[in-house]
Asker: 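Shown below is the structure under consideration.
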Amino acid sequence: MSLPRVSRVGLFAALCALSVGAVADTDPITLRVNVGEPGKPISADLMGVFFEDLNHAGDGGLYAELIQNRSFEFRATEQPTWNNLSFWTVTPLGGAKGSMRVEQAWPLHPKNPNYATLEVQEPAGEGVKMLNAGFQDGISVQSGEHYNLAFFTRQLYVGKRWDARKAEGALPLVVRLETPNGEVLAETKFGIADREWQRLTATFTPSRSEPQARLVFLATALGGLAFDEVSLFPQKTFRGRPNGLRADLAQTIADLKPRFLRFPGGCIVHGNGLGNMYRWQDTVGPIEQRRQQANLWGYHQTVGLGYFEFFQFAEDIGAKPLPVVPAGVCCQNSDHQGGTGQRGLPLESMEDYIQEVLDLIEYANGPATSKWGAVRAAAGHPEPFNLKYLGVGNEDHITFLFQKRFEMIYDAVKAKHPEITVIGTVGPFHSGDDFDQGWKIANEFSIPIVDEHYYVSPQWFWDNLNRYDTYDRTKSKVYLGEYAAHDEKRRTTLRAALAEAAHLTSLERNADVVLMASYAPLLGREGMTNWNPNLIYFNGTGGVFPTVSYEVQKLFGHHGGDRYLSSSLSADSQRLAISSVRDTASGEVILKVVNGGDQAKALKIQLDGANRLASKAELIVLSGQPDDTNDYSAGHLIKPKTSSIGVAASFAYTAPANSLSIVRIKKGK
Ligand code: AHR
């Protein structure tokens, strides 16, 4: 990017944040806030969330499915030790003989080619047992809760395999939830006579809680059965949605009050090679008809959590949906090529690809009578999802190959859907060649918003608090789509969280340029992470562990305000960042003070132009030691504490060492 001209607004804001002369930490610094002015608008969509299925954030995470490899599509191309029967075992019991294999002759759907067969060659005892133990540490079930079992099955033959054509009748099948020792927690029985695929369902209510339950199928009679899309869901999903989300995790995300939800990533958008790009049409419709694929983070995407579920989740939490589609190129790191693996869809296929992007807009916003609106309606949502933003490309290497395809997509969307705001990409880093080239394209095409990414040290954030003060207000706006402070060993410390808080004060100050921001990544399953830090950790037994950074995101999400009030500090102080906003609806003034230093900082706060303010304000403080991390096993948690503080047109406040303080001042009577 060529150096932007410093606008008047930017210069003013920059001056507010700059040094005036250093003073000792013990001398009070005067913070003057102009509460008499209307203030500068803050983007209503500033605080959002970024979702990507890495760290098992989706499969084995937010997506509430409890069965791993439910449709026998796991492959060695995903992990060298995997095959179609991974996470399933077969055990003949009490002298029975039988086997399980994977077949493709008569699939449930062409996009879901593999299914399992279970054959009993010699019936005896309890029969032949086919078992799935879920993700990593078993299937956690709770007493008193209900679990929905669903699976596709058909009879292959009755009796001996090659004598079977004449034999008829139902094959008995027992399905159970069991403990690792074989204790039965819940059981149901079926008789399978149909030779066509049929979907069978049952509800399990386990007799007791068990963190490591297994789903067991017992075939007892001579014959063969086929199985596919074997699913077990807690009945209590978020908002009770079928094929829904884990309620505790979804609620933790909703509690952030995100204004937008970005999905499905991240790098899985552009994918590992052209065949691995995330194509939205493969992820809608009945789950057994979706095209699953390898996740470039080294596991399998069922896409059970697909575009419909993302849109539904966004709506459920009051967030605007922000889908990101590939820009017609795959990831530059595809095929282990370390930056040179970008390939583009053949230009002759771009017309079809562009139609696919336009179809997405119709899927989200078109009437239920339109081709793709009807697909949405068939999934249970006749009303539109009100799509406003569309990301095109993620962190792509900005090459001619990319530019050509981006331009084709961008022009088509602009022409057909001027109501959609396209978000472009400016590479993986806060500066450098891709960043400069990305901004060059943004300026050339007047792209409304571009997506910046940076994962940097806490110190970088403190050193760059003025980054956006000098951005040209007449150029493209910014969506800071991925950011996080990476402390040593990539721990989730208070030090990192406060650096992020300081940066957020600078985003509020510049919310006329930075319209949106999302911390990344969002979720990490303990013991199955590809990436650290994440905003929220979780496990498979109901544990949800928000980090200190989560607390910061939540505080900014809840105390954002809609008008930025100008302010100034009488003296510079290392690691001090402030922001003053107004919430027009309530008339409240909200002050945020981030003290990233090891000494408390005395402030004299002067509210210029104050007219009728309450004499008591709410004070929320997040503080601790810089190395503190939210350690749930030790019960050591950094959480905000709320109290009250006396306020007046001029009042004193001492910001504790290593803290974020929020003072919420109501209107007086
Ligand atoms: O957030 C994790 C990864 O970081 C994203 O997939 C990618 O866009 C970035 O490099």
Side-chain angles (χ1 to χ4, degrees), residues 48-59 61-62 253 256 258 260-273 276-278 293-299 301 303 305 310 322-327 329-334 336-342 390-398 402 406 423-435 438 449-457 460 478-487 490-492 496 500 503 516-525 528-538 547 549-550 553:
V49 287
F50 160 99
F51 179 88
E52 177 172 20
D53 192 355
L54 78 161
N55 312 307
H56 285 267
D59 284 305
L62 185 61
I253 297 168
L256 289 165
F260 65 89
L261 169 71
R262 172 198 179 133
F263 56 85
C267 283
I268 68 168
V269 169
H270 55 187
N272 183 12
N276 189 240
M277 292 191 322
Y278 197 103
Q293 63 171 351
N295 179 318
L296 63 58
W297 296 105
Y299 55 99
Q301 293 176 78
V303 295
L305 170 52
F310 284 126
L322 165 44
V324 182
V325 295
V329 296
C330 64
C331 180
Q332 55 269 24
N333 298 318
S334 293
H336 309 277
Q337 295 303 309
T340 59
Q342 184 185 77
L390 178 68
V392 179
N394 172 71
E395 283 198 359
D396 296 294
H397 188 19
I398 311 294
F402 161 85
F406 175 86
I423 302 179
T425 178
V426 292
F429 307 114
H430 53 71
S431 54
D433 282 353
D434 288 327
F435 185 81
I449 305 179
V450 295
D451 179 13
E452 294 191 354
H453 293 181
Y454 35 88
Y455 298 99
V456 284
S457 68
W460 186 95
V478 173
Y479 162 39
L480 177 52
E482 295 184 29
Y483 72 97
H486 284 184
D487 206 345
R490 293 173 73 146
R491 290 167 307 144
T492 61
E500 290 151 7
H503 200 58
M516 309 161 86
S518 45
Y519 179 102
L522 183 61
L523 295 173
R525 179 163 173 148
M528 295 178 100
T529 53
N530 308 97
W531 178 289
N532 285 301
N534 300 290
L535 199 62
I536 304 163
Y537 287 83
F538 63 94
T547 60
S549 292
Y550 172 91
Q553 293 289 319

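Atoms within a ligand are numbered from 1 in the order they appear, just like the ligands themselves.
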Asker: Tell me whether the rings of H56 and Y299 are parallel (<30°), tilted (30 to 60°) or perpendicular (>60°).
Answerer: parallel
Asker: Just the distances, no angles: every ligand 1 N or O to protein N or O pair closer than 3.5 Å, one line each.
Answerer:
residue, atom, partner, partner atom, Å
ligand 1, 1 (O), Y455, OH, 2.7
ligand 1, 1 (O), E482, OE1, 3.3
ligand 1, 4 (O), E482, OE1, 3.0
ligand 1, 6 (O), E52, OE1, 2.5
ligand 1, 6 (O), E52, OE2, 3.2
ligand 1, 6 (O), C267, N, 2.8
ligand 1, 8 (O), N394, ND2, 3.1
ligand 1, 8 (O), E395, OE2, 3.4
ligand 1, 8 (O), E482, OE1, 3.2
ligand 1, 8 (O), E482, OE2, 2.6
ligand 1, 10 (O), E395, OE1, 2.9
ligand 1, 10 (O), E395, OE2, 3.0

Asker: Hey, can you tell me if Y519 and Y483 have their rings parallel, tilted or perpendicular (30° and 60° cut-offs)?
Answerer: perpendicular
Asker: Using modelled atom types only, decide if a donor and an acceptor are shared between the side chain of E52 and the backbone of R262 within a distance under 3.5 Å.
Answerer: no
Asker: Should we count CZ of F429 as having more than 12 external heavy atoms under 6.0 Å?
Answerer: no
Asker: Under a 3.5 Å distance rule, please check whether T529 uses its side chain to pair with a backbone N or O of N55 as donor and acceptor.
Answerer: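 No; judged by distance alone, with no hydrogens or angles, the pair does not exist.
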Asker: For a side-chain hydrogen bond (donor to acceptor under 3.5 Å, both in side chains) check, start with the C-alpha distance between Y479 and S518, then their side-chain angles and the critical distance, and finish with the verdict.
Answerer: CA-CA 8 Å; Y479 162 39; S518 45; 2.7 Å; yes
